[in-house]
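See structure below.
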Amino acid sequence: MAVIDLANPTRFLTLVNRVLPWLAGATALVFAYGLYRVGGAPDDYQQGATVKIMYLHVPGAWLGMMAWGVMTVAALGTLVWRHPLADVAGKAAAPVGAAFTFICLVTGALWGRPMWGTYWVWDARLTSVLVLFLLYLGMLALYWTAEDPNRSARAAAILALVGAVNIPIIKFSVDWWNTLHQPASVVRMGGAAIDASILVPLLIMALAFTLLFFTLHFAAMRNEILRRRVRSMRMMQARGA
Amino acid sequence: MSTDLIELSATDLACERGGRLVFSGLNFAVSAGEALVVTGRNGAGKSTLLRLIAGLLRKSGGRLDLTGGAAGADEATTAEQSHYLGHLDAVKPALSVGENLRFWTTYLGAPRGAPIRPALEAVDLAQLSDLPAAYLSAGQRRRLSIARLVAVPRPLWLLDEPTSALDTQSQDRLAALMRNHRSRGGMIVAAAHGPIGLDDPRELKLGAVT
Amino acid sequence: MSTDLIELSATDLACERGGRLVFSGLNFAVSAGEALVVTGRNGAGKSTLLRLIAGLLRKSGGRLDLTGGAAGADEATTAEQSHYLGHLDAVKPALSVGENLRFWTTYLGAPRGAPIRPALEAVDLAQLSDLPAAYLSAGQRRRLSIARLVAVPRPLWLLDEPTSALDTQSQDRLAALMRNHRSRGGMIVAAAHGPIGLDDPRELKLGAVT
Amino acid sequence: MSLGPHADFIIASYAVTALVVVALIGWIAADYAAQRRVLGDLEQRGVTRRSQRGKDHKALGDTP
Amino acid sequence: MTAFLALLGRDMRLAVRVGGGALMGALFYFTVVAMMPFAIGPDLNLLARIGSAILWLGALLASLLALDRLFATDHDDGSLDLLMMGAMPLELAVAAKAIAHWLTTALPLIVITPVLGLMLNIEMSAMGWVALTLLAGTPALTFIGLIGAALAVTLRRGGLLLAVLVLPLTVPVLIFGVAAANAAIIGPAPFGPPFTILCALSLASFVIGPFAAAAALRQGLE
Amino acid sequence: MTAFLALLGRDMRLAVRVGGGALMGALFYFTVVAMMPFAIGPDLNLLARIGSAILWLGALLASLLALDRLFATDHDDGSLDLLMMGAMPLELAVAAKAIAHWLTTALPLIVITPVLGLMLNIEMSAMGWVALTLLAGTPALTFIGLIGAALAVTLRRGGLLLAVLVLPLTVPVLIFGVAAANAAIIGPAPFGPPFTILCALSLASFVIGPFAAAAALRQGLE
Ligand code: HEM
Ligand SMILES: Nc1ncnc2c1ncn2[C@@H]1O[C@H](COP(=O)(O)OP(=O)(O)OP(=O)(O)O)[C@@H](O)[C@H]1O
Ligand SMILES: Nc1ncnc2c1ncn2[C@@H]1O[C@H](COP(=O)(O)OP(=O)(O)OP(=O)(O)O)[C@@H](O)[C@H]1O
Ligand SMILES: [Mg+2]
Ligand SMILES: [Mg+2]
């Protein structure tokens, strides 16, 4: 199936229907294997067993950030090419990305308590993830408030682009803010090099999370296409009367 | 609907808006089955008069009485005995057509669970009952607003340019509804710039102020 | 106003709203001095067509050209050559009648300091020039909106149910303004449910889709 | 596999993650079912998407 | 009663529908509270010390600002006219709208408070108490704000006017709310007295609010 | 240019007329800042320490919330349609509105800042600097908020949505604004660097804001 065919939502729908079970299956398999490897992974010499949280935390962080990347690309698709599937892709990515960012935040907080003695510090990296989460919430609010999906798609695309420009600036300002006020009082995991016995399970989990992301993303896109179909049918109905 | 002999009468009625007298010394009476068309130039006070009767403005002088029927003599009661159809449609886009009508029906006092379908049919919106009202065009929203008049029986209809935004077919349907309302002893006071399909209405011409 | 030979033509025009095709394959042409009345049932797409020509909606297919006169061929220019009179009056209640008109006259491109009084006289609002627009009735506000068309000469008038809320006298005055506009080579595209006082207009009937 | 002195936190992390993922899946599945249901409903009433087809598939849902 | 329930139900349904404002108050609360440390600085001790103040300020602003269009939407689409023409006293109608608003706006805000407490370094065990003070105090904010919402709509102004009118009236709620919350978090003052006063304020405004708001709406007939 | 000035003039005139929003931002700012000590408690040292944070938070909220109906009023009464039909590029029209808004809303707010500084126990000599940071930073708030205002109007929503969308984007402005103000009040960090960044943020948003807002309005054509 040529790429151009995907421009057609119906074709895309057919594709999704065909691919989704396999994707879901692969996700489950990789997850199972990843969790098995995680179970077998050694404890960190500094952090003990709590390093097991990392296998959720880090993929969550990566996917949370990647989802905004997907939204940015989709935004360009919406604004520049006016591609109907781009709208759908952007909208479907928002809740999933927000959920992964949320996972990163919660697992980080749960990790912070045993490691730092507190659930939350206003550390630069934590804080910039929090702001990313706030941006996601804004995006969800935007989608939530708009009755008309076409309207909200373009508005969201603009917000996604503005956010994409702003995220590096926020990151930079937060670094500056944190170092200005308070020298880091927190110890992060020492040692630049991560041992392969930890790294490999981590990468497998990251793969599992990525698969999960795409499974959910495609499923959400399918819902969105159907929702628009319902909408256009209702519009038909309205004009019939 | 109460079919007792009922009458709306105004004596020496006056109203002030924004510190200016819009009209004064107005006298008229409408009784069961009658219709009064209020005409006059832009700014003459047609909308003002209707809102006054509906209890949405305060009169600054004179008397306004609704006698007979289930009504007492005070303004509040006039409001409760009237339907007001103004320029705004009181339709919530987020609710479906049916939900919109059901809410107003319940709120305005029809017995709970009374069917709304006949009213929707009367304005030809029955097939759209489940549709969110956001999808309606200007004229369809107006028709939904008219359905309220049918769903909750109240003796006095106050209609401010009711045919605006309606296509000819819907105008005919409204005319039929008004005829039916009057035949059952209802009263109509309508503001209009042209004919709106009322049979031999009485006319009240408000003087042009400017 | 440029009195060159000017023409508005649509070829196979289509418009989509909310993901639905409202109309497609629309063809018409209006040339200098002509008027086109767009009719159709509620929801047929009359307002949509006018907003499309005004550049306030995007077409989803076909061509729309304004040729001749000072106009080029792209949409932006069509918008700049048109007056749009929609359901909303673009009147700020906090400004006086005169201030409202003067702002739009300046903004829409009349030379600064051009008198607005003639335009106010044309809609019979000259005595109210200093009144805050908040005090205007529905019809008076509409007339203020019409004054804009007179104050800034633009060849194409797009009128969406322009007579609604106007009293008969004002309707006659509007008819005279439209006649005058056409006699000077202007064009009119109007949406209406009934006659609006245009002499031998061409008609475009939008089909009710079921 | 021993989870050490901070087992609670580790378990909580996995539990929360599982919860979030399950909630997400549940929401998406429920949404799918809902859209399908409404779509079936509309189709049953004879509403079609096709009576006014676009020339191409620019509009979502306009396509066969 | 039927009319009361119908209106309550309608407003709640509108709030939770797409486009409704149900979660906007809670979102705003979350965002504002999360933003405050950026201004104040990342010092955890300082944040813990003024944590309850931050939460209460956030809740105050969110409650009042979310009230903004409570009557305005009904006014703008003509619903308010019809609400006044019903047989039910306007006071009750106003109360129904306020209750629906509290349920859909203030309640979610209280639910997410514990999460924010963590970020402000407030102890888990104390968070329940802080949420309780909000539960007791936010009705007062909603019902006092109600008056502002009614005034704002009759003056045809939205947004900040309401906050400017109402904020000064909410000073007692803020003071006793923070006092009760602080008593729970840091002590040593007892929790009981300020909390009792907070409840009393809520009860009083529950009675006064609808009457004043209905009066404002009636006076605004124009 | 004539059109630009006409629009600027009209918006300023509307803002200062009865019912206009000119002083509402400043009033809200005053009220919110004056309320904070009620929540935080009367400790003067603490207040002095977080004084600039309070002022900046107040200014942030006032600037964003006052933007609420910047385009919405023009949309609701049909003016926006006509503004788009003028010969002037929409970007310029948007900029004219934003400038008028800044002049009528942010400027009065900066003027009253010294008074509030007294209440917060900030030294007189430092107040000038704090006001200067606001002067340099509030344009960034207005022009970033502009995007939110445009998005909100295309979505037909007002109120808190704008704040929720825009607040996270203003984090840098808040951080550098407070940093510069603190440098002026308590030192010891130099005032220059954060202030320069603040100015840069304002300039950048001055360019980006109108473009993004105009794009949002155009995309919102429906
Ligand atoms: C809520 C609090 C936390 C948040 C928001 C957070 C955020 C993040 C982010 C965004 C990343 C990905 C960075 C990248 O690869 O580019 C990350 C990685 C990581 N985090 Fe956290 N974190 C939090 C708490 C913690 C805690 C408490 C620990 C352990 C003491 C921790 C340890 C790590 C480690 C080891 C990595 C992977 C190594 C690296 O890429 O640097 N995090 N975190
Ligand atoms: N904002 C909108 N978003 C999506 N669809 C819309 C919107 N406004 C109108 N429509 C749809 O576009 C179609 C045409 O509407 P339009 O307002 O152009 O009708 P009209 O011919 O002017 O009707 P009326 O006589 O009632 O004014 C209708 O089917 C309507 O449902
Ligand atoms: N909100 C208001 N405040 C003050 N004065 C008002 C207000 N609304 C209308 N008026 C004034 O009241 C008078 C009557 O207005 P009204 O709207 O009743 O006129 P109308 O007869 O309905 O006119 P139209 O045919 O234009 O609808 C007008 O002179 C107008 O200036
Ligand atoms: Mg009128
Ligand atoms: Mg129309």
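- Nearest heavy atom pair, residue C:Ser137 against residue B:Gly43, reads OG-N, 2.9 Å.
- Applying the 6.0 Å contact sphere to OH of C:Tyr135 captures no more than 12 heavy atoms from other residues, nucleotides or ligands.
- The shortest distance between side-chain heavy atoms of C:Arg143 and B:Asn42 falls below 4.5 Å.
- Counting heavy atoms from C-beta outward, C:Leu166 and B:Arg41 have side chains that stay 4.5 Å or more apart.
- Residue B:His193 holds its NE2 atom at 8.5 Å from OG1 of C:Thr168, rounded to the nearest 0.5 Å.
- Using a 4.5 Å cut-off between heavy atoms, B:Ser170 contacts chain C through its side chain alone, with no backbone atom that close.
- For residues 85-105 of chain C, every residue pair satisfying the salt bridge (Lys or Arg N to Asp or Glu O under 4.0 Å) rule, not counting sequence neighbours, is listed here: C:Asp89-C:Arg141, C:Asp89-C:Arg142, C:Lys92-F:Asp74, C:Lys92-F:Asp77, C:Glu99-F:Arg13, C:Glu99-F:Arg17.
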